[in-house]
Every structure is written in C-alpha cells, then in structure tokens.
Amino acid sequence: MNPRYEYRALLACDIAGSAGRGEQRLQEIRHVLRAALSDALGVADLDAREFGYADTGDGCQLVAPAALPKARLLFPLLPELGARIRAHNGHAGADTRLRVRAALHAGEIRLDPDGTASGAPFEALARLLDSAPLRHATSAGTGGTPLAAILSQHFYEETVGHGHEGLEADAFTAAEVRVKEYAARAWLWYPGSPVGPRSGSGVASGSGEQPAPPEPRTADQFVQAMGNGTVFAVHRGDQHIRHHARG
C-alpha cells in the first residue's frame, strides 16, 4: 500500500520553564497538563479518541481528525484549557505552577500504511512553539501568563474573522516569527481577549493589546482515550504517530 496525504489541523503544547524542576515535579506538572487538556477537550465537545497524540516530554502534540473544523481547536478549547491551568496555579506551589505555550497550524501530512504520520507541517508547528514572540508572551508579567497561543498565518486566515463564535479578529496580535530557517507572520492570543477568560487587567477586551497576566477526567483516562494514536518517534519537528482503527 502507498502512503496517503491528508490535510489535518495540528495543536502543540509545551510547559514553559520545565527544566530544572527535578523528575518528580516534572511528572507532576505533565500530569496536570494532561488532565487540564482532557477536561478542556471534554467541555469543548471534542472526542479525544479521534485525535492522534504525542507526548513530547514536557508537552504534547495533537493531530485533529480530518473532518474537524480548525476553529474548534480555538474556541472554546483554548479558554477552557487556560481556565484550568489558572485554577491549578491558584493553589499550587511555586515549583508546580504551569505556564503553557500552545501553537496551531494545519497542512497536508503524510500517513503511511503502518499508521505513522509525518511531514513539513509538524516542523512549522515546532518552530512556532519555539518562537521568541510566544516565549515572551508566556513569560511576560509577574509570574508569567498561564496560557498563550500562536497561530500560523494560514491557520489564522482560515479561522479568524469568519463569524465563528469567540474568534473576533482584534483578539489576536500579529508577530513576526524567525526560528532557524523558518520565517513567517503569525498571530498571538493572550488571556483577556474575547477568545479567553477576562484577566481583570483593565485592558479592554478585544483591544488587540497585550494584557497583564492574571494570577473530572484523570490524566490516565486521557492517555487511555488517546489509544488510537500511539507515538513511536518524534524527529526534527516531524511527529510520527501510529493510528489504530476504532472498533
């Protein structure tokens, strides 16, 4: 059988500042991120079993099902995820608080007969996640921002400003991304915009400015639900996932 190519939406999350916390604390915050993402997917009425899933050590990558509209990965998923991270941080100690970067992109990926998925869109996703504008957004303010996201120009153009609920264009701020050989315009989202929960910062919702940062299913169930996407390799920004047919 020959490989096939399918257009898919992609979401990556990464825990900022995870290095240096020690193995026990790293496992704790990874568990928190998985549980928060699991809950957010459920509230957004998205079936985790339909997604390919890769654990990247201090974060994860998701491959959306082919028929899923890209806007569903933005609203209400992002504000729900941000709300859960914020709630966790409200009672967590300094060494287990989370600041999470998220990146969204879409493109044609390669699906091999053995179920692996790879392709250039994963590399672009990795560059966006590692970009200076997103890192700055996540670390801005006292204690950092619980969740900041960056959209590729392509993802932005096909989701924002088309009348989708919660996706007003002035909720996003343009940024120039340059990471290694990747250079492109992208779009940042911060808490406090119309897409996300109000931060109480005093910045008017939808102003397009960067606001000041605000101060159940289990993770195990989430990983089990992702049983159709078992990762066996991640290399050079390409994500390789084995997809198993659902019974």
Side-chain angles (χ1 to χ4, degrees), residues 6-14 37 40-41 43-46 50-51 61-86 100-109 120-138 140 145-179 182-199 201 203-214:
E6 292 186 3
Y7 181 87
R8 299 291 186 97
L10 310 173
L11 167 66
C13 294
D14 185 77
L37 185 55
L41 284 167
V43 173
D45 197 27
L46 296 172
E50 299 292 338
F51 286 78
Q61 292 180 343
L62 299 181
V63 178
L68 185 74
K70 290 188 289 297
R72 297 282 304 280
L73 291 183
L74 293 175
F75 184 86
L77 182 61
L78 288 186
E80 292 293 343
L81 178 58
R84 279 151 182 78
I85 295 170
R86 185 179 296 105
V100 175
R101 299 190 299 267
L104 298 103
H105 184 44
E108 189 175 72
I109 64 174
F122 291 111
E123 184 170 352
L125 186 72
R127 300 295 182 251
L128 289 165
L129 193 64
D130 194 40
S131 66
L134 182 59
R135 288 181 177 275
H136 176 75
T138 311
T145 301
L147 175 67
I150 192 166
L151 283 61
S152 68
Q153 178 75 15
H154 170 66
F155 201 102
Y156 174 86
E157 288 177 345
E158 296 207 343
T159 55
V160 179
H162 294 285
H164 298 296
E165 181 183 1
L167 298 183
E168 292 84 354
D170 58 358
F172 298 86
T173 303
E176 296 301 321
V177 171
R178 294 183 181 276
V179 182
Y182 182 86
R185 167 162 286 204
W187 296 83
L188 290 162
W189 166 79
Y190 304 92
S193 73
V195 179
R198 295 299 300 274
S199 66
S201 65
V203 177
S205 177
S207 66
E209 301 177 24
Q210 177 183 343

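What you see is a predicted model, and the numbers here were worked out from it, not measured in a lab.
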Original post:
Going through the distances and angles, do L41 and E80 end up as a side-chain contact (heavy atoms from CB on, under 4.5 Å)?
Top reply: CA-CA 8 Å; L41 284 167; E80 292 293 343; over 6 Å; no

Original post:
Atom CD1 in I150, atom OG in S131: separation rounded to 0.5 Å?
Top reply: 3.5 Å

**OP:** Please step through side-chain contact (heavy atoms from CB on, under 4.5 Å) for the pair T173 and W189, ending with a clear verdict.
**Re:** CA-CA 7 Å; T173 303; W189 166 79; over 6 Å; no

Original post:
Which pair of non-hydrogen atoms, one from P121 and one from H105, has the smallest distance, and what is that distance?
Top reply: O-CD2, 3.5 Å

Subject >> Value rounded to 0.5 Å, distance of CG in L104 from CG in L78 >> reply: 6.0 Å

Original post:
About how many Å separate CG of L147 and OG1 of T138, when rounded to the nearest 0.5 Å?
Top reply: 8.0 Å

Original post:
Can you name the closest pair of heavy atoms from A64 and L73 and give their distance?
Top reply: CB-CD1, 4.3 Å

**OP:** Give the intermediate values and the outcome of side-chain contact (heavy atoms from CB on, under 4.5 Å) for residues F122 and Q61.
**Re:** CA-CA 9 Å; F122 291 111; Q61 292 180 343; 4.2 Å; yes

Original post:
So, R101 side chain and L129 main chain: donor-acceptor pair closer than 3.5 Å or not?
Top reply: yes

**OP:** Would you kindly say whether Y7 and K70 are connected by a side-chain donor-acceptor distance under 3.5 Å?
**Re:** yes

Original post:
Can you name the closest pair of heavy atoms from L125 and A103 and give their distance?
Top reply: CD1-O, 3.4 Å

Original post:
Is there a side-chain contact between F155 and V160, using heavy atoms and a 4.5 Å cut-off?
Top reply: no

Original post:
At what distance, to the nearest 0.5 angstrom, does CG of L68 lie from CG of L46?
Top reply: 6.0 Å

Subject >> Flag, side chain of R72 to backbone of L77, donor-acceptor distance under 3.5 Å >> reply: no

Subject >> Within-4.5 Å side-chain heavy-atom neighbours: V100 and T145 >> reply: no

**OP:** Answer yes or no: is there a donor N or O on one side and an acceptor on the other, between the side chain of R185 and the main chain of Q153, under 3.5 Å?
**Re:** no

Original post:
Going from CZ on F51 to CG on L11, what distance comes out if it is rounded to the nearest 0.5 angstrom?
Top reply: 8.0 Å

Original post:
How long is the span from the CG atom in L10 to the CD1 atom in I109, to the nearest 0.5 Å?
Top reply: 6.0 Å

Original post:
Taking the side chain as C-beta and beyond, is there a heavy-atom pair between L74 and L151 under 4.5 Å?
Top reply: yes

Subject >> Over all atoms of both residues, closest heavy-atom pair of A137 and A148 >> reply: CB-CB, 4.0 Å

**OP:** Look at the side chain of R86 and the backbone N and O of L81, then say whether any donor-acceptor pair between them is shorter than 3.5 Å.
**Re:** no

**OP:** Verify the ring-centre separation between F172 and W187: is it less than 6.0 angstrom?
**Re:** no

